[in-house]
Amino acid sequence: MATERYNPRDAEPRWQQKWNEENVFLTDNADPREKYYVLEMFPYPSGRIHMGHVRNYAMGDVVARYKRARGYNVLHPMGWDAFGMPAENAARDNKVHPKEWTYKNIASMKAQLRAMGLSLDWSREFATCDVDYYHRQQMLFIDMMEKGLVYRKKSKVNWDPVDNTVLANEQVIDGRGWRSGALVEQRELTQWFFKITEFSQELLDALDTLDHWPEKVRLMQKNWIGRSEGLTIRWEIVPETSPNAEREITVYTTRPDTLFGASFLAISADHPLAKEAAAANPAIDAFCEECRRAGTSLAALETAEKKGIDTGIRVRHPLDPSWELPVYIANFVLMDYGTGAIFGCPSGDQRDLDFARKYHLPVVPVVMPKDGDAASFTIGDVAYDGIGIMINSRFLDGMDTEEAFEAVATRLAAKNLGNVPQAERKVNFRLRDWGISRQRYWGCPIPVIHCEDCGVLPVPKQDLPVKLPDDVTFDQPGNPLDRHPTWRHVSCPLCGKDARRETDTMDTFVDSSWYYTRFTAPWEHEPTDKLAADRWLPVDQYIGGIEHAILHLLYSRFFTRAMRETGHVEAKEPFKGLFTQGMVVHETYSRGHGLTREWVSPADIRIEEIDGQRRATLLSTGEEIAIGAIEKMSKSKKNVVDPDDIIASYGADTARFFVLSDSPPDRDVIWSEAGVEGAYRFTQRMWRLVSEAADALRTVAATPAKEGEALAISQVAHRTLKAVQGDYDKLAFNKAVARIYEFVNALAAPLAKVAAGATDSGYRSAVREAVEILIALVAPITPHLAEECSAALGNTHLIAMSAWPSYDQALVIENEIVYPVQINGKKRAELTIARDADQNTVQEAVLALDAVGSALNGQAPKKIIVVPQRIVNIVV
RNA sequence: GCGGACGUGGCGAAACUGGUAGACGCAAGGGACUUAAAAUCCCUCACCUUCGGGUAUACGGGUUCGACCCCCGUCGUCCGCACCA
């Protein structure tokens, strides 16, 4: 029977509508089956989805559909990370309100996502800019305030002079704002902070429990938290050198063992003592100013010269009061790590060494490698920062570094300086508290009120939400909320007097730190329905880009803990499984060179292969176009392929199938027109093979063959089923695709035979069963095609609601094994033998092979290794 | 600088726990069908070869009956952090 080509433009909307009508993807919290929560990182509503989204959501959808078929109660929601600066930029540039801009974008992106045929529960959809959502976020903020997890402090902040806002340390990349690219300045502002450092140790320790996370991400978080063990040591200031009667300087060190190698102390330009010294000495003041400027503007800190200035202050060595050392202000000492002061041991630290050479300070080697010679060991231009044996260190000499660490720690702890132990063991973290204040309009208002008499007060919960005013202007830089004529004026909830509303809004990372919890009960008046949250969390499989490996994931882990302390959830961790998918990349095309180089869109060119050379020409003029590197799709390089265009010309199934094929999902996938064509060919081929045989298959039941010619078909089907199932479990989509190709190739001839009418009903039953399995296997990836094929077979049930088939172990097992036969590790022959043949039988059979006989050439084998069901190796 | 990952045909890749290297797809070449084209179907496709076989998983060693896989060293690519005391 000749059938029409498969037309996704007709079939896909039809099946999407059917799924909607049947409410297939609505999730019931009360459903008693085992839960499975799969979530893809929700998108920012920029206006259009891109191929990265397609890949991300295709992966999540395969998991959701597969788990649903496996009988889980699946939660697969979608929403919008909708606050943020692009909306304000659009407002400024295009005179459109951020709200209008955002909701318009959401509408068009939602239509695009719907066209992909994703199995999402849209009834739980929300945007973080919905008043309903940020209302609950404000409730959470107040709860966290009560638990002491939120606080205000005056702090030096990274100020982005282009976006006019504060940036988190994490949002400063190479000294520039992550969005604007502007050089970041330092300013002192009173800011709101989340106390993420309260959980430093816990966030670090719990990484070990996240065994379904990529090792790489765990390591990145570990380094980011940055735990170190050391000592704080108090150094006595020689009184007559103290600028303002200060008595001591506290330094932090992880290498107290090198204490006898000390030749100076260095403090940060922002250290209180530095400020004292600067007040008394213009040269020092000038130096401190220079440090501050350089610290903010130099991207290439690596190459920055180590510089310092002698403060004139002198300190006594903790282990030898007669030994006085100079105190410098140095540009490489940071105020916000440790104590803002260090002791310099030039022989054991490269920076200290560079510094000492420059200012002619002593360099005394105190640690030498284990096999070194104490008499001849010297330090040249390279410091020795490894472990080893102590030298030139008085009572430490001969100890290893670890023993010396302990000896110094113990001795100084027992020694008092002004009734306080001179040193204390101290664990330090690199992690800083999370500054969340943003001087922007389009974010969640921080729900507090400043009263001159009563101080800083949370907005009473019954007065929530603090809604963003709609009548704002974007024609000037700065925060529109500050300029609003009335919004900031409120009365104090305690005393009733005139008070001022907080005009800062929250960092948008706050919005995305708990949205996965809100999805579990988005209708709830409280931030969570605790029963629902505890039922669904943690997210079983979270999928998104590696770019969120640190910030978003760490903040979410913090929020889970904060919400636990405030009684909103029980979960210990937000995401049980994490998968970081690769990007969609594409070749670049350009004409011209240097400054006149112009990028060309793939849609405007044609690619041919002539004599093995790929060449690109401009469609309109035939001009030759240079083929460039494969890069992440970006508008500036014009190597973008619009998902809409692909869905319009090939259908969603083809797009989904292609982004999941070829490359492993955690690696980049190269988008190519030829590749898409290949994926499209597959959908057509599957449809043609199935539909042509459909008439003949419709009349028989699906039954696997137990014997005869059709047995092989059933065996392939069940073996493929088992394998693909394993691939889906491991998110190995590319391997699943490869096996599906193989399966279709294997079914091509039987289906053709069936279509030609040359088969008996037992054979047809076996083929039908195999086709039903094929449909189930492709359904998570190409769900519309699966429904269409199933309907062609006369089935009336929806594949989207059908159970996963189970394989028959008897059909999976191979009864005969083909052993490769090696002689001295090289394959020389093959042996086909019954699966259950014992070792001796196999050995005898192998030795009886002609090829083995001639290879042995009369010699007796030294050894025969038989690995059951795998291989035979004869050692001669 | 510190930390990590990776390196397999023309290309994307596969290869279980150390057991036949290159499945599957793309590209290419040849053929069939067709007036022709598209579509489809079939065949070939790591390298060398005296057709016996030999050589191949970045390179050099090692362990092993057997190594893409484990160990040591070298080179290269990519990623994260980066003056963190």
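The chains referred to below are lettered A, B, ... by the order of the sequence lines, with proteins before strands, and numbering in each begins at 1.
- Residues that satisfy the salt bridge (charged side-chain N to carboxylate O under 4.0 Å, His left out) test with A/K216, not counting sequence neighbours, are absent from this structure.
- A/K307 pairs by the salt bridge (charged side-chain N to carboxylate O under 4.0 Å, His left out) definition with A/E290, not counting sequence neighbours.
- By the side-chain contact (heavy atoms from CB on, under 4.5 Å) test, A/A266 is found to be paired with A/F264, A/A330, A/V333, A/I342, residues two or more places apart in sequence or in another chain being considered.
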Heteroatom pairs (N/O) under 3.5 angstrom, protein to nucleotides 52-57 of chain B:
{"residue": "B/G54", "atom": "OP1", "partner": "A/R828", "partner atom": "NH2", "Å": "3.3"}

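- For RNA chain B, the neighbouring residues in residues 343-358 of chain A, judged by any heavy atom under 4.0 Å, are A/R351.
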Worksheet item: Reading nucleotides 7-22 of chain B 5' to 3', which nucleotides get B (base under 4.0 Å from a protein heavy atom), which S (sugar-phosphate only), which -?
Response: -----BSSSB--BB--
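- The stretch residues 666-676 of chain A participates, sequence neighbours left out, in these side-chain hydrogen bond (donor to acceptor under 3.5 Å, both in side chains) pairs: A/H586-A/E673.
- Scanning for side-chain contact (heavy atoms from CB on, under 4.5 Å) contacts around A/Q715 gives A/L711, A/R719, A/L811, with sequence neighbours left out.
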Discussion item. Reading 5' to 3' and counting Watson-Crick or G-U wobble pairs with both distances under 3.5 Å, write the dot-bracket notation for RNA chain B, | for bases paired outside the strand.
Written reply: (((((((..(((......[....))).(((((.......))))).(((....)))..(((((..]....))))))))))))....
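- Taking the side-chain contact (heavy atoms from CB on, under 4.5 Å) definition, one finds that A/P214 meets it with A/V217, A/L578, A/T580, sequence neighbours left out.
- Taking the salt bridge (charged side-chain N to carboxylate O under 4.0 Å, His left out) definition, one finds that A/D257 meets it with A/R255, sequence neighbours left out.
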Practice prompt. Would you sort out whether A/T588 and A/I627 count as a side-chain contact (heavy atoms from CB on, under 4.5 Å), showing the intermediate values?
Written response: CA-CA 6 Å; A/T588 51; A/I627 298 179; over 6 Å; no
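- For A/L847, the side-chain contact (heavy atoms from CB on, under 4.5 Å) partners two or more places apart in sequence, or in a different chain, are A/V852, A/L856, A/P861, A/I864.
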